2 protein chains.
Amino acid sequence: MKLEVMPKQRAMEAEQREEAMEMSGLELWKHEKPAAMVFLPPPPPPLATLVPPLNFAMVDDGIFRSGFPAAANFRFLKSLNLRSIVYLCPEPYPETNAEFLAKNGIKLHQFGIEGRKEPFVNIPDDKIREALKVVLDVRNQPLLIHCKRGKHRTGCVVGCLRKLQKWCLSSVFDEYQRFAAAKARSTDQRFMELFDISSLKHLTASHC
Amino acid sequence: MKLEVMPKQRAMEAEQREEAMEMSGLELWKHEKPAAMVFLPPPPPPLATLVPPLNFAMVDDGIFRSGFPAAANFRFLKSLNLRSIVYLCPEPYPETNAEFLAKNGIKLHQFGIEGRKEPFVNIPDDKIREALKVVLDVRNQPLLIHCKRGKHRTGCVVGCLRKLQKWCLSSVFDEYQRFAAAKARSTDQRFMELFDISSLKHLTASHC
């Protein structure tokens, strides 16, 4: 967590430790060989920094995306006042995460999509479609869409949402690639291109 | 603009042209050598696709970021109902863009930051600070922050905004790198790390 500590704070911490040592008469640098182990008071907690999950971003009003949130991200997630999480992996939700959701009244919507690698990728059209219905329902927002790394499964759901928002396909791919980077998959991009949005158009009036 | 035309639409267009030809008696495929040049009716305009500017993304409620918008992006920008644009280059705003802004009642706030390359990068702290004050003022939102490519100057303003939002520095850098990609600059990252937010904290109560 070194990156979370600002230079100014580091200086403050050093000062505080120095003061504490002076107060307890433990001016170590005045002795060559201390007689016993010295227990310094613990440094103050780091500034109230927030740690967004991997690949976190805002998609639209009330819609966020990310990779799998860890306990370190819970305080940040709390600041989003989420109502729901749209989870795109088949694995059961970890207990710590489920507890966080229960404690904060966040509803979990799971759509188990296998995380296979190319050339065995098989994106189930029906699950992406069902996930999109949940995402577009304002009663579920603010919500976070996530899979494992926030690249492929999440990228496909967001890409199909962009098609509904009438984004041209090259911009949909640009955004997908920004998150997938070196791991971008042509199978995902083909899926988004061929995804038929006509049956979902009635859901978008309120949002897109 | 091939990418903007969906397969379904392409089929529809072909059908419409076919119908038009049949109606005008021009069933070309029945003749081996047409007697004269045939003028087909123009294809219908493409589906109302929207073209976001290069590197476009939502930063937060009412705050967007991108590269330089071209005329092709105006219809998309209109859909954002912008009140202001925060423009970070020293060059005068192009006439076409200025006209679009005037027509749509969008106010331009220019902060001329030179787009120098490493090792001659010199990010002026005062201009980033002034730009941030405009960005954080809800009376200016919704707004779009842009420079030329939406990577460095825009990345620095957004990075400093994230510090105000208490994001840890590693997440600030992650986001910066997602947009700058292979062009990420350590000078920009050092600038964001050392940027002192203390004088701006009073502006964030309503937003961050």
Side-chain angles (χ1 to χ4, degrees), chain A residues 1-8 46-67 72-73 75-76 79-80 142 150-151 158 162-175 177-182 189-190 192-198 208, chain B residues 1-9 46-67 72-73 75-76 79-80 142 150-151 158 162-175 177-182 189-190 193-198 208:
Chain A
M1 303 292 276
K2 205 175 173 185
L3 279 169
E4 287 183 62
V5 184
M6 309 295 141
K8 208 168 175 179
L47 276 173
T49 46
L50 295 170
V51 187
L54 183 81
N55 259 337
F56 173 82
M58 190 166 191
V59 177
D60 210 318
D61 292 321
I63 305 176
F64 305 93
R65 63 178 290 171
S66 76
N73 311 122
R75 216 159 54 79
F76 174 80
S79 76
L80 302 177
K151 292 180 187 226
V158 172
R162 296 308 191 192
K163 277 186 72 173
L164 272 165
Q165 291 182 314
K166 301 200 180 85
W167 282 32
C168 67
L169 210 50
S170 49
S171 299
V172 174
F173 290 170
D174 267 357
E175 185 179 45
Q177 287 159 6
R178 203 179 299 138
F179 290 88
Q189 294 180 72
R190 195 173 60 227
M192 292 185 269
E193 181 179 359
L194 302 180
F195 186 79
D196 179 14
I197 53 167
S198 54
C208 304
Chain B
M1 305 289 276
K2 208 174 169 185
L3 278 170
E4 288 184 59
V5 183
M6 307 294 141
K8 207 169 177 180
Q9 195 203 350
L47 275 173
T49 45
L50 296 170
V51 187
L54 183 82
N55 260 337
F56 172 83
M58 191 165 191
V59 177
D60 209 318
D61 293 321
I63 305 176
F64 305 94
R65 64 179 288 170
S66 77
N73 311 123
R75 217 159 54 77
F76 174 80
S79 76
L80 302 177
K151 291 176 189 234
V158 172
R162 295 310 191 192
K163 277 186 71 172
L164 272 166
Q165 291 182 314
K166 302 200 181 88
W167 282 32
C168 66
L169 209 50
S170 50
S171 298
V172 174
F173 290 171
D174 268 355
E175 184 178 44
Q177 287 160 5
R178 202 179 300 138
F179 290 87
Q189 295 180 72
R190 195 173 57 225
E193 180 179 359
L194 301 180
F195 186 80
D196 178 14
I197 52 167
S198 54
C208 304

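This is a predicted model, so every value here is computed, not measured. Naming convention: chains lettered A, B, ... in sequence-line order (proteins, then strands); numbering from 1 in each chain.
Using a 4.5 Å cut-off between heavy atoms, B/Phe76 contacts chain A through its side chain alone, with no backbone atom that close. Neither the backbone nor the side chain of B/Val172 comes within less than 4.5 Å of any heavy atom in chain A.
Atom CZ of B/Arg178 and atom CD of A/Gln177 lie 14.5 Å apart (nearest 0.5 Å). If you take NZ on A/Lys163 and OG1 on B/Thr49, they are separated by 12.0 Å, rounding to the nearest 0.5 Å.
Closest of all the heavy-atom pairs between B/Leu50 and A/Gln165 is CD1-O, 3.6 Å.
Here the side chains of A/Phe56 and B/Ser171 are not in contact, with every heavy-atom distance at 4.5 Å or above.
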